[in-house]
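Keep in mind that this is a model prediction, so the values were computed, not measured.
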Amino acid sequence: MEVAAAQVLPLIRQLPETLANQIAAGEVVERPASVVRELLDNALDAGATAVRLELADAGLTRIVVTDNGHGIAHPQLPLALARHATSKIVSAQDLFRIRTFGFRGEALPSMASVSRLTLTSKPAHQDTAWQITPDGELRPAAHPTGTRVELADLFYATPARRKFLKSIRAESLAIEQVIKPFILAHPQVALRVVEDGVTTWDVPALQGDFWTRHGRLAAVLGDDFARACLRVDGQRTTDTAEPARMEGFISPPTLHAGTAQKQFIFINNRFIRDRGLAAALRNAYTDRLPAGRHPLAVLFLSLPFEDVDVNVHPAKTDVRLARFDDVYGLVLGATRQALGGATGSPPGAGAAPVAAPLASISAPAPTPVLFDSAPLKLWKGETPSAGAEAIASPFVVSFAAPRPDAGEAARATASLGAALGQVDNTYILAETPDGGLVIVDQHAAHERLVYEDLKRSILDGKIASQPLLMPAPVPLTPAAAHALMGHAADLSDFGFELEQSGPALILVTAVPHLLRDANPTTLVRDLAEDILALPPRALLRDRLERVLSTLACHHSIRAHRRLSLAEQNALLRQMEATPASLTCNHGRPTVRRLDKAQLESMFERR
């Protein structure tokens, strides 16, 4: 029986070269977009400053990439189509410090195995160009210095692969996802894309330092992002001599998208996709965006080459980082620092492109103004007396008492301008120095101010607690009661003292001092809902921010609350001095702006 079994074992054979190439092509050439990415990488490695991409039927019928790089010498054209042949890797040491975009030596032979490939090239020192045809013929050709690669009938040799491709529209969109990072990362390279005879992208080269990339943002991410974006610039020391650095552009909290498709992260100018770094970007925004929304970003990380393994997958968009925690911290910290400067400059159609990070607006320390020897209780909705000049909260937010000329001074210098009045006792209208109009949601804005002050308080120590004369019973579901008591220690730091009196009953014995007059039942039920909504492994920071958010909401000026002009101006000045004031802690906008040009257009004055 053993002999018979041995006889039916298949023989081990070496695969024919054509079949081996087709198998390799399955990893390197997944779809037309893969071909475009590999050929653009080769053009960059050749030092090209101008690239032309031509497509027919989203690359299924024809792909042509022409560059003005240094070209391939005549004797080496056949070698360029041989497997594992490359000019970019010489030793094993090079493999661990990859500085080029292409390096595997598999792209061209893989493409040639699944399409009809024609390669034409001319180095500057060579009198004439030479061309290698799909059937291997080498002949002279007419071509300027540089290289032209043409693929026809992609996957004609592997029809089973072709039937799994998506529609022409889907393949075209996939190619667009390759073109966009190329445009952002290489401003010194001009790119023209012609699809089915129509020019769809025509991006001229830009000269200058890193920040000239700003000139490419509108083409990829739109005019709104280019006008409103914030600069990011930070670095972090590493164990090597070279520090890790990050530069780039991010959206202000008021500009966001429904998906993360408008986030571009580059490592050493190579576009990558990394869930961990995307999480660092998302966590930097934390409470500044509405649920389910995503920031826009173009971030360039410069890391020591030996710390980055790009040889993880043939697609080359996945990387492995030797010091991931350091890089995560760099993305998180530098993004938060950039967001910290977004303090009261609401986006508007007339805003100029960002040339530097938005700077915090300096403001004098607020001076509390008392009413009848006691601070005004903002959460109860009282209307201040007629002679009141400003408002102050009992614990966290105090507004400066403005001088008689404060309105004119604000109109002349402050970014949010001078208050004109309220609409529906909910929205503050203000005139800006440039003659524009700012609209502020007073509740959302004050909620952010309270929230930021609460965060500072919890960092400085424990929030003051106010014992209740009689414990307040709060009926909850058993699940909510269990979740709430599971965070009882954390809640104690916020001034809450809770006891469980049964599976579905909580007794509140103390509340934060600033909420001493609030309804404890409503407050605790809101806290329970927030805690139940947290993911099972939520970090302590997430829990604290959710609790702070609820406290801030209960403690803020409500909509339909009448404010004097002095109080309105005080709120505007506090917003200008507070980081993140462009959104509330739920991510909703606090400010909208109409600039002078928009107002004139609305009334047909221009």
How close do [X] and [Y] get, heavy atom to heavy atom, and via which atoms?
X	Y	value
Asp209	Thr212	O-OG1, 2.8 Å
Gln188	Ala205	O-CB, 3.5 Å
Asp223	Ala218	OD1-CB, 3.4 Å
Ile168	Ala58	O-CB, 3.4 Å
Ala338	Val232	CB-CG2, 3.9 Å

Distance alone, cut at 3.5 Å: any donor-acceptor contact between the side chains of [X] and [Y]?
X	Y	value
Glu195	Ser172	yes
Asp274	Tyr328	no
Asn68	Thr49	yes
Gln442	Gln568	no

So, does [X] use its side chain to make a donor-acceptor pair with the main chain of [Y] at under 3.5 Å?
X	Y	value
Asp424	Thr426	no
Glu452	Leu449	no
Arg605	Glu600	no
Thr578	Ser581	no
Asn569	Ala419	yes
Thr259	Gln261	yes

Arg593 and Asp434: CA distance, side-chain angles, deciding distance, salt bridge (charged side-chain N to carboxylate O under 4.0 Å, His left out) verdict = CA-CA 12 Å; Arg593 173 177 179 161; Asp434 60 0; 2.3 Å; yes
So, taking the atom named [atom1] in [X] and the one named [atom2] in [Y], what distance separates them when rounded to the nearest 0.5 Å?
X	Y	atom1	atom2	answer
His256	Tyr285	NE2	OH	10.5 Å
His214	Leu206	NE2	CG	11.5 Å
Arg216	Ile183	CZ	CD1	6.5 Å
Glu567	Gln422	CD	CD	8.5 Å
Thr590	His446	OG1	NE2	12.5 Å
Glu30	Leu165	CD	CG	10.5 Å

Side chain to side chain, [X] and [Y], heavy atoms closer than 4.5 Å:
X	Y	value
Val298	Leu221	yes
Thr583	Arg588	no
Leu321	Asp307	no
Met575	Val591	yes
Gln177	Leu173	no
Leu217	Cys229	yes
Gln263	Leu281	yes
Leu277	Phe324	yes

Kindly indicate, with the supporting measurements, whether the criterion side chain to side chain contact (heavy atoms under 4.5 Å, CB included) is fulfilled by Val149 and Asn42.
-> CA-CA 10 Å; Val149 183; Asn42 284 348; over 6 Å; no
Parallel under 30°, tilted from 30 to 60°, perpendicular over 60°: which one fits the rings of Phe271 and Phe264?
-> tilted
Checking Asp233, Leu303, Thr335 against Met246 for side chain to side chain contact (heavy atoms under 4.5 Å, CB included), the one that qualifies is Thr335
Given Arg192, which of Val51, Asp202, Thr66, Val203 fulfils the side chain to side chain contact (heavy atoms under 4.5 Å, CB included) condition?
-> Asp202
Axial cation check for Phe249 ring with Arg213, 6.0 Å and 45° limits = no
Run the numbers on Asp57 and Asp196 for side chain to side chain contact (heavy atoms under 4.5 Å, CB included), then give the verdict.
-> CA-CA 7 Å; Asp57 297 328; Asp196 299 316; 4.2 Å; yes
Start with the C-alpha distance between Arg52 and Glu54, add both sets of side-chain angles, then the distance that settles salt bridge (charged side-chain N to carboxylate O under 4.0 Å, His left out), and finish with yes or no.
-> CA-CA 7 Å; Arg52 178 184 175 93; Glu54 300 171 60; 3.3 Å; yes
